[in-house]
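All values below were derived from every heavy atom in this structure, side-chain atoms included, with hydrogens, water molecules and symmetry-related copies excluded.
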2 protein chains.
Amino acid sequence: MDIIGTSLKRVDAFDKVTGKAKYTDDLVSGHALIAKVLHSTIANGWVKEFDLSEAWKVKGVVDIVTCFDVPDIQFPTAGHPWSTDPKHQDIADRKLLNARVRCYADDIAAVIAEDEIAAEEAVRKIKVTYEEYTPILTVEDAMKEGATVIHEERPNNIVVKSQYEIGNFEEAIKEEGLIKVVGDYETPVVSHCHIESANSFAYMESDKIVVVSSTQIPHIVRRVCSQALGVGFGKIRIIKPYIGGGFGNKQDALTEPLNAFLTTRVGGRPVKLAYTREETFASTRTRHAMQFHIESYIRKDGSFAARTIKAYSNQGGYASHAHALVANAVNGFRMMYPVGAIKSEAYTVYTNLPTAGAMRAYGIPQIGFALEAHVDDIAKQTGLDPIRLRKQNMMKLGYVDPITTITCHSTGLDECIERGEKYLDYTKKRLAYANQSGPIRKGVGMAIFCYKTGVYPISLETSACRMILNQDGSLQMQIGATEIGQGADTVFAMMAAQTIGVTVDKVHVVSKQDTDVTPYDTGAYASRQTYVSGMAVKKTAESFRKKILDFAGFMLKKDPWDLDIKDNNIVHVNKSEKLLSVADVAIESCYSLTNSTHIAAEESHHCTDNTYSFGVCFTEVEVDIPMCQVKILDIINVHDSGRIINMQTARGQVHGGMSMGLGYGLYEYLKFDPKTGRMLNDNLLDYKLMTAIDTPELHADFVETDDPTGPYGNKSLGEPPTIPVAPAIRNAVLNATGVAINAAPLHPQRMFEAFTEAGLIK
Amino acid sequence: MDIIGTSLKRVDAFDKVTGKAKYTDDLVSGHALIAKVLHSTIANGWVKEFDLSEAWKVKGVVDIVTCFDVPDIQFPTAGHPWSTDPKHQDIADRKLLNARVRCYADDIAAVIAEDEIAAEEAVRKIKVTYEEYTPILTVEDAMKEGATVIHEERPNNIVVKSQYEIGNFEEAIKEEGLIKVVGDYETPVVSHCHIESANSFAYMESDKIVVVSSTQIPHIVRRVCSQALGVGFGKIRIIKPYIGGGFGNKQDALTEPLNAFLTTRVGGRPVKLAYTREETFASTRTRHAMQFHIESYIRKDGSFAARTIKAYSNQGGYASHAHALVANAVNGFRMMYPVGAIKSEAYTVYTNLPTAGAMRAYGIPQIGFALEAHVDDIAKQTGLDPIRLRKQNMMKLGYVDPITTITCHSTGLDECIERGEKYLDYTKKRLAYANQSGPIRKGVGMAIFCYKTGVYPISLETSACRMILNQDGSLQMQIGATEIGQGADTVFAMMAAQTIGVTVDKVHVVSKQDTDVTPYDTGAYASRQTYVSGMAVKKTAESFRKKILDFAGFMLKKDPWDLDIKDNNIVHVNKSEKLLSVADVAIESCYSLTNSTHIAAEESHHCTDNTYSFGVCFTEVEVDIPMCQVKILDIINVHDSGRIINMQTARGQVHGGMSMGLGYGLYEYLKFDPKTGRMLNDNLLDYKLMTAIDTPELHADFVETDDPTGPYGNKSLGEPPTIPVAPAIRNAVLNATGVAINAAPLHPQRMFEAFTEAGLIK
């Protein structure tokens with residue numbers, strides 16, 4: 001293994017740094033019409049009527065489409081593979097434009113105009129008559145007897161309720177001498193804040209609708225558009241250029257279905273539908289706010305005898321990914337500490353908040369905050385050491401989850417904890433900081449996590465890849481898996497080069513997915529790509545390598561079985577003397593007068609395994625009690641993501657995830673007007689995203705295990721780094737002040753209230 | 001066979017008729033820089049020096065590149081598959097810009113500017129100092145002792161000389177009683193006059209150069225650009241959108257290599273290089289002018305005892321396709337009447353005319369005019385019937401050409417002649433018109449031809465195709481073979497549908513070739529595509545069909561061997577009851593939780609056969625002797641092109657070819673200033689292309705043979721229709737007036753001279 005594990009410069013680095021990389025908006029025709037959406041100014045109710053007379057008078061208006069003009073088709077938007085079993089299909093609960101308004105800034109009409117100014121002016125001039133109901137913003141209100149029904153298919157506003165029990169909880173808690181620890185925890189609604197706002201453009205080629213979009217999931221978006229418009233898959237083509245981040249928001253059909261419909265209204269002329277930052281905040285997706293009630297029963301030796309959780313997930317107006325997130329959260333509750341009896345009850349509830357969808361780590365940042373806070377609460381209440389407590393109860397090698405059957409094929413979690421502990425000198429400091437006084441106090445905190453790799457066996461994991469040999473011995477690689485800024489193209493190129501036997505510069509990644517010609521893959525989510533799509537790359541590379549060797553065997557009159565490829569050359573197996581170059585084979589295969597063959601390979605892989613990644617965050621903070629400020633003095637994430645494909649890009653992923661975790665722990669939350677449900681901080685001035693100034697020096701370390709199921713020993717890394725940061729901070733504040741703050745983020749107002757209640761501020 | 005043979009509407013009809021189809025210039029970024037080429041104002045000499053000072057002062061000029069700045073690499077431009085054998089490689093005799101000027105309007109410098117006006121102004125302001133030699137415009141002058149050497153590699157200006165002899169000519173002519181017929185014939189330089197001028201644009205993606213171009217041969221152009229710039233194939237990407245005709249001119253690298261170079265000069269910014277109509281006339285390619293001296297020795301019974309030909313082809317300044325055309329011509333001389341001893345000597349000669357290249361039927365319109373005129377001359381001199389003479393000596397079923405080994409696998413030529421004869425009542429009219437007097441006279445003429453299908457075994461014939469199943473049971477088809485207006489996409493779609501067992505509407509042809517992802521194929525030329533690429537389509541469709549049936553077998557728990565596809569459904573072999581739809585198979589293959597498979601097939605086919613198409617033209621004309629005008633009263637082409645895939649598009653091809661043949665016979669030729677070599681009629685006003693007004697009612701008929709080597713019984717049809725028209729007209733004028741005009745076209749001036757010499761005009 002020469003290439004895997006090196007710190008190769010990203011294959012797209014040059015184009016991205018120099019501004020040459022083309023994003024969706026760079027590709028729009030100058031002749032495109034501009035569409036703007038009219039969003040509702042109520043959060044709950046009905047559109048009764050539109051007065052379009054003034055809007056139609058605006059010069060340049062080409063068409064106005066309202067919720068009364070769209071196909072009477074309800075469709076789902078979640079970026080899941082489809083299921084041919086109706087029971088497992090995503091909830092189809094929205095139309096292209098909705099007369100039944102279910103959240104503030106719901107999509108109710110759209111204008112297509114010659115330019116942006118005309119489109120915006122016409123949108124402003126549409127007059128709407130509503131029938132308005134009181135907005136329901138909390139899970140409690142939504143579940144109240146007699147609450148307004150948000151979707152008639154769900155008369156009690158509960159999208160899904162699920163439960164599980166491992167062992168016998170009621171029996172288990174009867175054991176003598178158990179210590180009961182109870183906690184309530186909650187996490188906020190936050191925004192993905194990807195650099196590139198939601199945007200797309202669409203046009204028609206004959207009767208085919210083409211949508212160019214900033215999406216993580218082109219093949220899935222194709223299926224969603226097909227469903228939303230009621231046309232065949234083959235009549236939809238999605239093209240995905242480079243995208244400026246997604247973080248799960250773009251694992252959902254956003255502007256694409258409406259945009260696909262709008263071009264059909266203007267005879268297939270190009271129509272651009274680009275959301276502003278404010279629209280992206282208010283009218284795309286958010287991270288689910290969740291509330292958890294946890295009760296744990298601990299033996300004196302620290303072992304967990306029984307635990308129970310009730311979880312409530314605030315879905316907002318539409319189902320999107322729906323219950324999958326809180327289900328993931330309560331599964332994470334079980335998997336991280338899979339000992340004793342465990343009982344769970346989880347609810348996903350419609351409200352009139354903006355729709356929540358997928359976001360980096362998909363329910364695990366929520367449960368991670370609650371669970372790891374709770375473990376420190378247990379440590380505090382029992383006087384046990386937080387690290388010992390975790391090590392004693394956490395998942396071990398060989399664990400097979402009783403519900404999902406996912407097996408722990410490898411774990412470096414013990415060593416991750418040890419490295420983090422050592423780096424921060426955690427145990428010593430924790431004791432030293434336990435009883436401070438004064439306004440400024442220090443504290444250390446830590447948290448661990450486990451994370452699945454992809455979605456198997458809960459859902460389908462499939463991926464495909466194609467490689468095409470060029471006459472100079474280089475190759476193109478097409479893969480349905482998507483580059484979304486995370487470095488996928490780079491690691492796939494490394495995998496291909498490694499397996500074929502060529503140098504990385506010979507691999508030209510076709511970064512743009514085009515559903516017409518790109519092999520099928522469900523896309524970028526669930527930290528699945530290096531694992532699932534990596535298998536398709538490896539399988540295709542092996543097939544491609546074999547075809548090259550077959551032709552080399554023909555040229556050399558040797559059995560291909562005796563041949564190998566090393567450093568772009570054909571060699572005898574176990575030797576390194578060059579017999580031919582791959583370029584020699586390539587050119588002869590194209591131009592042989594007796595045996596020309598276009599060398600290409602295409603393979604799909606049906607993935608039937610899964611494995612766990614692990615990691616920790618250790619942090620040291622300084623709490624300014626009167627100012628209600630937390631300063632991060634030091635922070636490190638240590639990850640077991642199996643073999644690291646590219647150390648440099650892996651480190652980048654960890655830094656990005658930690659930054660997101662810091663925001664989640666300290667600053668970020670969306671505020672809503674309690675009367676109207678309107679989002680109050682739908683912009684990057686009022687929404688407190690981490691900036692370079694806010695960010696401390698970030699440290700990342702890796703414990704490299706060699707996972708037997710990973711194509712190159714690798715496991716998930718994309719989402720995990722964000723998970724443990726917020727609970728580690730919360731636990732550090734607890735260590736510093738003795739105050740347990742059970743809701744994220746730890747923003748000054750929240751700390752002021754907590755410190756006041758605890759008597760630290762008088 | 002339900003689909004093959006139907007008159008299906010073209011798959012691109014709607015987009016082309018409504019103007020939605022995108023051509024190269026429709027795709028240029030609005031931010032593209034504009035390049036203009038400075039063409040030489042001498043035809044023979046050297047550029048000694050440039051004065052760029054005034055040009056650089058033009059506002060908006062970004063770069064000026066001269067022939068002293070380009071890579072010192074000579075490259076070939078002909079659209080042939082490459083050969084790994086240097087002896088069979090095309091002649092590399094030009095640079096991106098040339099200091100040694102070899103024809104008027106040679107490319108000597110280029111300006112890149114922010115807009116077209118600045119680029120043109122700067123080009124005008126470049127001052128050039130030349131060393132000028134006398135232009136050599138004719139083969140005779142070029143071959144003269146002491147003529148200026150145009151390329152130092154060819155000191156006698158002969159690009160290639162070739163000869164062959166079948167039987168023993170000198171012995172054969174000793175036979176007693178032979179009648180000797182001698183004739184000299186010549187054909188003009190003409191222009192392709194495709195609607196869309198030569199144009200392209202280029203930009204860079206990272207270190208890859210992308211050229212979007214109006215070309216017939218994207219994969220070959222990629223290789224040529226790679227050679228011209230000295231970079232690897234993998235660093236060049238050619239994209240071919242819809243093109244507005246090519247007729248062989250775009251079977252050559254035209255603007256692409258220079259355009260690829262120019263974008264590298266401006267850091268990869270998009271640069272458009274679009275030739276005007278005038279530049280397309282004067283600075284791309286033309287059809288070779290040829291001169292033939294033929295001597296035939298005929299027995300009294302009409303059988304040909306011996307024939308000899310000397311052929312001279314005027315190559316112009318650069319080799320391009322070089323000797324391949326006149327070689328094709330003298331091969332055609334042999335193949336059409338493959339009896340008796342035959343001897344040939346052929347020369348391709350550099351001159352200072354514009355470079356001649358490929359044009360529809362590649363040397364055969366030239367020999368067709370000479371040979372079929374000569375056969376009527378034989379008939380006239382011997383008193384034999386022209387049809388009997390042809391039938392007696394022409395190629396018969398089973399003929400194996402002694403040089404190329406191409407076998408006559410099928411022939412309907414006899415029946416073609418009979419149908420044409422009957423349609424026009426030719427024999428009766430010919431006798432009736434034999435002895436007219438008066439100023440207005442009628443005449444009938446006919447001519448036959450044979451035409452190979454593709455280039456095997458003279459050169460490589462290889463093609464590849466890929467099909468990708470959509471979840472709705474439709475498919476994309478990618479093929480390296482190109483739609484150039486001839487209807488290729490339509491017939492390929494029909495072939496795929498036929499072989500897979502689906503309806504044609506399920507086949508979505510990816511019309512745009514992109515060398516990064518499109519399977520390898522050499523492109524549109526030699527009337528090869530339905531035959532050669534059709535095999536790749538059929539082979540891929542069979543492989544694709546098998547994969548669908550394999551998955552259907554898995555779903556149905558049946559052996560796939562028992563299953564078939566009919567009308568988009570999976571059925572039991574020999575039954576028609578629907579078991580599943582292809583759409584059912586498609587969606588399950590994508591979303592199966594146990595066995596997901598991305599269904600796609602990709603196959604290449606190495607073609608190792610060839611076959612002959614045949615046909616005739618019969619025409620009746622009215623000659624106005626004093627006005628030197630020919631009016632076409634009636635005209636029909638009857639073709640044996642094997643099985644006709646699509647009757648409607650086939651008819652369209654014949655009409656187009658006949659129109660081109662009419663122009664070749666009556667009006668079209670390029671004129672050059674004998675002093676400077678400058679083209680005098682480089683525009684559509686002065687160059688007399690056939691217009692709708694000039695065109696008589698065109699009749700087309702087909703004798704459908706079922707060729708055993710064609711993928712669907714089909715043979716070449718694209719180029720042939722143009723071949724027999726001009727000689728049929730010439731022979732009709734001979735019948736009408738008794739005057740043999742041995743040079744095309746029969747324009748008024750030429751007829752005036754001939755009629756004057758014959759005493760018809762006094």
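Neither the backbone nor the side chain of A:Ser29 comes within less than 4.5 Å of any heavy atom of chain B. Of the two parts of B:Lys22, neither the backbone nor the side chain holds a non-hydrogen atom closer than 4.5 Å to a non-hydrogen atom of chain A. Heavy atoms closer than 4.5 Å to chain A are found in the side chain of B:Val510, but not in its backbone. Heavy atoms of B:Asn595 lying under 4.5 Å from chain A belong exclusively to its backbone. Of the two parts of B:Ser226, neither the backbone nor the side chain holds a non-hydrogen atom closer than 4.5 Å to a non-hydrogen atom of chain A. No part of B:Arg237 comes within reach of chain A, as not one of its non-hydrogen atoms sits under 4.5 angstrom from that chain. Of the two parts of B:Thr18, neither the backbone nor the side chain holds a non-hydrogen atom closer than 4.5 Å to a non-hydrogen atom of chain A. For B:Arg222, the part lying near chain A is the side chain, with the backbone staying farther off; criterion is any non-hydrogen pair under 4.5 Å. Residue contact with chain B, scored on non-hydrogen atoms closer than 4.5 Å, involves the backbone and the side chain of A:Gln471 alike. Interface remark: A:Ile587 contributes backbone and side-chain atoms alike to the contact with chain B (heavy atom separation under 4.5 Å). Heavy atoms closer than 4.5 Å to chain A are found in both the backbone and the side chain of B:Ser206.
Between chain A and the options B:Ala464, B:Cys590, B:Ala600, B:Pro81, heavy-atom pairs under 4.5 Å are most frequent for B:Cys590. Contact count against chain A (heavy-atom pairs under 4.5 Å) is highest for B:Arg466 among B:Arg466, B:Glu602, B:Lys20, B:Glu588. Taking B:Thr608, B:Asp516, B:Thr515 one by one and counting their heavy-atom pairs under 4.5 Å with chain A, the maximum is reached by B:Asp516. Among the candidates B:Ala583, B:Cys607, B:Gly473, B:Ser592, the residue making the largest number of heavy-atom pairs closer than 4.5 Å to chain A is B:Ser592. The candidate with the highest count of non-hydrogen atom pairs below 4.5 Å against chain A, out of B:Gly232, B:Pro519, B:Gly30, is B:Pro519. Interface summary for chain A: among B:Asp12, B:Leu460, B:Thr522, B:Ile599, the most heavy-atom pairs under 4.5 angstrom belong to B:Leu460. Looking only at heavy-atom pairs under 4.5 Å with chain B, the residue among A:Val11, A:Thr84, A:Val517 that has the most is A:Val517. Heavy-atom pairs under 4.5 Å with chain B were tallied for A:Thr594, A:Ile468, A:Leu469; the largest tally goes to A:Thr594.
Side-chain contact between A:His80 and A:Val455: absent, with no pair of heavy atoms (C-beta onward) separated by less than 4.5 Å. For the pair B:Pro76/B:Trp82, a side-chain contact is recorded, criterion being any heavy-atom separation below 4.5 Å from C-beta on. You'll find the side chain of A:Pro241 reaches within 4.5 Å of the side chain of A:Leu27, heavy atoms only. Contact check for A:Lys235 versus A:Ile209: no side-chain heavy atoms found under the 4.5 Å cut-off. Looking only at side-chain heavy atoms (C-beta outward), A:His508 and A:Asn470 come within less than 4.5 Å of each other.
Within a 6.0 Å sphere centred on NZ of A:Lys512, heavy atoms belonging to other residues, nucleotides or ligands number 12 at most.
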Subject >> Trace of the salt bridge (charged side-chain N to carboxylate O under 4.0 Å, His left out) decision for B:Lys272 with B:Asp25 >> reply: CA-CA 9 Å; B:Lys272 167 176 158 176; B:Asp25 200 53; 2.8 Å; yes
**OP:** Begin with the C-alpha distance, continue with both residues' side-chain angles, and end with the deciding distance and a verdict on salt bridge (charged side-chain N to carboxylate O under 4.0 Å, His left out) for A:Asp521 and A:Arg528.
**Re:** CA-CA 11 Å; A:Asp521 183 291; A:Arg528 60 184 287 279; 2.8 Å; yes
**OP:** Check the pair B:Tyr591, A:Asp85 against side chain to side chain contact (heavy atoms under 4.5 Å, CB included), reporting the backbone distance first and the verdict last.
**Re:** CA-CA 10 Å; B:Tyr591 299 119; A:Asp85 175 0; over 6 Å; no
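Remark: side-chain polar atoms of B:Ser604 are paired, donor with acceptor, to backbone N or O of A:His598 under 3.5 angstrom. Distance alone, capped at 3.5 Å, places no donor-acceptor pair between the A:Thr518 side chain and the A:Ile479 backbone.
Just one residue in the list B:His606, B:His219, B:His605 forms a ring-ring contact (aromatic ring centres under 6.0 Å, His included) with B:Tyr520, and that residue is B:His219.
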